[in-house]
2 protein chains.
Amino acid sequence: MLTTQTPDIRPDFPASMLHVQDAGWQRQGKLWSNLKELCDLLRLPTAASSLDDEESLFQHVQFKTGQRIHTIGQAFDTLYIVHSGFLKTVAIDEFGNEQVLSFPMKGDLFGVDGIHSRRYSSEAVALSSCDLVLLPFKKFTAIGRTHAELEHAMYSVMSRELVREQAMVSMLGGLSAEARVARFLVSLSDRFADMGYSSKVFNLRMTRHEIGSYLGLTLETVSRTLSAFNEIGLIIVDQRSITIRDLDALKTLRRLPPSTLRAKQARKARAVALAATTPSGSAQTVGS
Amino acid sequence: MLTTQTPDIRPDFPASMLHVQDAGWQRQGKLWSNLKELCDLLRLPTAASSLDDEESLFQHVQFKTGQRIHTIGQAFDTLYIVHSGFLKTVAIDEFGNEQVLSFPMKGDLFGVDGIHSRRYSSEAVALSSCDLVLLPFKKFTAIGRTHAELEHAMYSVMSRELVREQAMVSMLGGLSAEARVARFLVSLSDRFADMGYSSKVFNLRMTRHEIGSYLGLTLETVSRTLSAFNEIGLIIVDQRSITIRDLDALKTLRRLPPSTLRAKQARKARAVALAATTPSGSAQTVGS
DNA sequence: CGGGTCTTTGATTAGGTTCAATAAGAGTGG
DNA sequence: CCACTCTTATTGAACCTAATCAAAGACCCG
């Protein structure tokens, strides 16, 4: 029911994205972006400077689902910016345990962890077809020297990443499983919103296992928690498809009400869901 | 017993540190460092370049135990490098819960989280008397433009921080309480080692509560875990003083043996401890 | 259709939190 | 210097959250 997950060879493009696709490059070939486009992509105000000199272009590369962009230990020389598609970055500890570190998507920078040791300390894998902008680090720093705002932009983006990681640590350190899953959904919703997708209805691009790894939980706990959210009407979940029904509740959720109260809440939720769907004539049913 | 914690007005200085104190600045006044000294401090190979022009100096500032270096939301304009002393950085989530993010010490950079939003997103507090180098961000980026290696150094340090945070996430996501505490001790040991202190015997500068917050555990769990390590002879712990007895075991520890085996191990540990201490004529006793 | 991966759900266990009481320091002021 | 207080640390017991083990259903792809 609802949008059955399409194995995203091509993620759903809302109308609002089409103009972006046309900006400076062509439909499906190998492409190039200039500095201004990069700054837009990174959501950095370009300060309207002389960035429009067309001398410095950055190449795009395409990856298919499952392909590895870089691996752990590989010599570092380029940063990546996601132009479209979804990925995961993964660390592998000394005894083979995978740990998902992030799910880069449009506008995100990754590969930064390679700067210090000159080797990538994580690996990046495409979760869907991806279009990435290559940022050769040497070329990049060279340009940074003549374009002050680009240099600052770089610091800014790295700083943003650091804040994100800190928020992550804070979440893992302090929040319950339910709160983690709730925030994960909220952050996805936010990201989809400013990418021009629907913030209410979307498909997860990753497995329960990957979500669990990212949130420091087991896949079963993730699954159960999503089911519980579904039951009390915060979301509608069906496999990979998610519909957000009460974003505010998800944002502020710290701990789910004890199971004794759940039944009542579930009944109420079903009633609300019914009221919301029947007027539109849809035959959709909620719950198990 | 052992080094009873001195409320470190002045942390224990081993002989190997004295020359560092003399490098370019005077004993206890307000002081200045040049670029080369900064790079040394940050453990970055200076590439033997023209960094020895003496034009750009950076001011030091002293803080006393408990003083706040910056607070959350405060306008960002400077980065800090720890020259001596110990600090903590703390995030405070939407409902007042403190979360320790890091324990900066000699050679660490902090304040980076302020670059992106132009406001600090965390607060930094001195856990001992501290001597910090001020790095006004504007001045710094200006210099970076003429000194390529400084710019690269900055990227490198920020990258290092990011990798550190990733390791933290990985730890919180995947390891047991015991493993976290063990690694915390190992990382402290390492840091003390390359600061020229003893890697085997040191005083914790933070409370159990702060350690717990940092590791995503309660203070009781930290206390219990340290006691357990003490019991089986991995460390000797007495309040804030720590003696590492089996670093390798701490490094590889994933989970403590079940309590049925503990008694045996504890007896053995006591025997070993006795053998190690009596020959030297010390009257030291181990365990409770 | 059949093999493989992913997801859901249940039952049980265990690691860690919470609550609580005690002890040990550190700092203060008489 | 000692009594008093406040903070920090240790330890115990009960409880609870999330992990683990297990089984069955859903979806995907050749």
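Values reported hereafter were calculated over all heavy atoms of this structure, with side chains retained and with hydrogens, waters and symmetry mates removed. Labels below follow one simple rule: chain letters A, B, ... track the order of the sequence lines, proteins then strands, and each chain is numbered from 1.
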Output the distance between atom CG (A:Asp190) and atom CG (A:Leu185), rounded to the nearest 0.5 Å.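 Result: 11.0 Å between the selected atoms.
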
Nearest-0.5 Å distance that lies between atom CD in B:Glu178 and atom OG in B:Ser176: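 Here the rounded value is 5.0 Å.
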
Let me know the distance between [atom1] of [X] and [atom2] of [N], rounded to the nearest Å.
X        : N      : atom1 : atom2 : result
B:His209 : D:dT10 : NE2   : P     : 15 Å
B:Ile242 : D:dA9  : CD1   : C1'   : 12 Å
B:Gln239 : D:dT7  : CD    : C1'   : 11 Å
A:Leu219 : D:dA22 : CG    : P     : 15 Å
B:Glu231 : D:dT10 : CD    : C1'   : 13 Å
B:Leu204 : C:dG25 : CG    : P     : 15 Å
B:Asp238 : D:dT10 : CG    : P     : 8 Å

Under 4.0 Å, counting only non-hydrogen atoms across every strand here, what does A:Ser223 touch: a base, just sugar-phosphate, or nothing? base

Side chains of [X] and [Y]: is there a donor and an acceptor less than 3.5 Å apart?
X        : Y       : answer
B:Asp131 : B:Ser84 : no
B:Ser128 : B:Thr65 : no
B:Ser122 : B:Thr89 : no

Show which side-chain atoms of residues 246-253 of chain A pair as donor or acceptor with protein atoms under 3.5 Å away, not counting sequence neighbours.
{"residue": "A:Asp246", "atom": "OD1", "partner": "A:Ala249", "partner atom": "N", "Å": "3.1"}
{"residue": "A:Thr252", "atom": "OG1", "partner": "A:Asp248", "partner atom": "O", "Å": "3.2"}

Find every protein N or O atom lying less than 3.5 Å from an N or O atom of nucleotides 11-13 of chain C, and list the pairs.
{"residue": "C:dA11", "atom": "N6", "partner": "A:Arg224", "partner atom": "NH2", "Å": "3.4"}

Any [X] side-chain nitrogen or oxygen under 4.0 Å from OP1 or OP2 of [N]:
X        : N     : answer
B:Thr207 : D:dT7 : no
B:Arg240 : D:dA9 : yes
A:Arg208 : C:dT7 : yes

Using a cutoff of under 3.5 Å, can you pull out all pairs of nitrogen or oxygen atoms linking the protein to nucleotides 14-18 of chain D, with atom names and distances?
{"residue": "D:dA18", "atom": "OP1", "partner": "A:Ala177", "partner atom": "N", "Å": "2.7"}

Looking at A:Glu220 and D:dC21, is any side-chain donor or acceptor paired with a base atom of the opposite kind under 3.5 Å? yes

Quantified as the angle between the terminal helix axes (five pairs each), what is the overall bend of the helix from C:dC1-D:dG30 to C:dG30-D:dC1 to 10 degrees?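 Its terminal axes enclose an angle near 50°.
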
Salt bridge (charged side-chain N to carboxylate O under 4.0 Å, His left out): which pairs involve residues 206-221 of chain B, sequence neighbours left out? B:Lys88-B:Glu210

Test salt bridge (charged side-chain N to carboxylate O under 4.0 Å, His left out) on B:Asp108 and B:Arg164; report intermediate values, then the result. CA-CA 12 Å; B:Asp108 287 333; B:Arg164 203 189 63 81; over 6 Å; no

Residues forming a ring-ring contact (aromatic ring centres under 6.0 Å, His included) with A:Phe229, sequence neighbours excluded: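 Expected list: none.
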
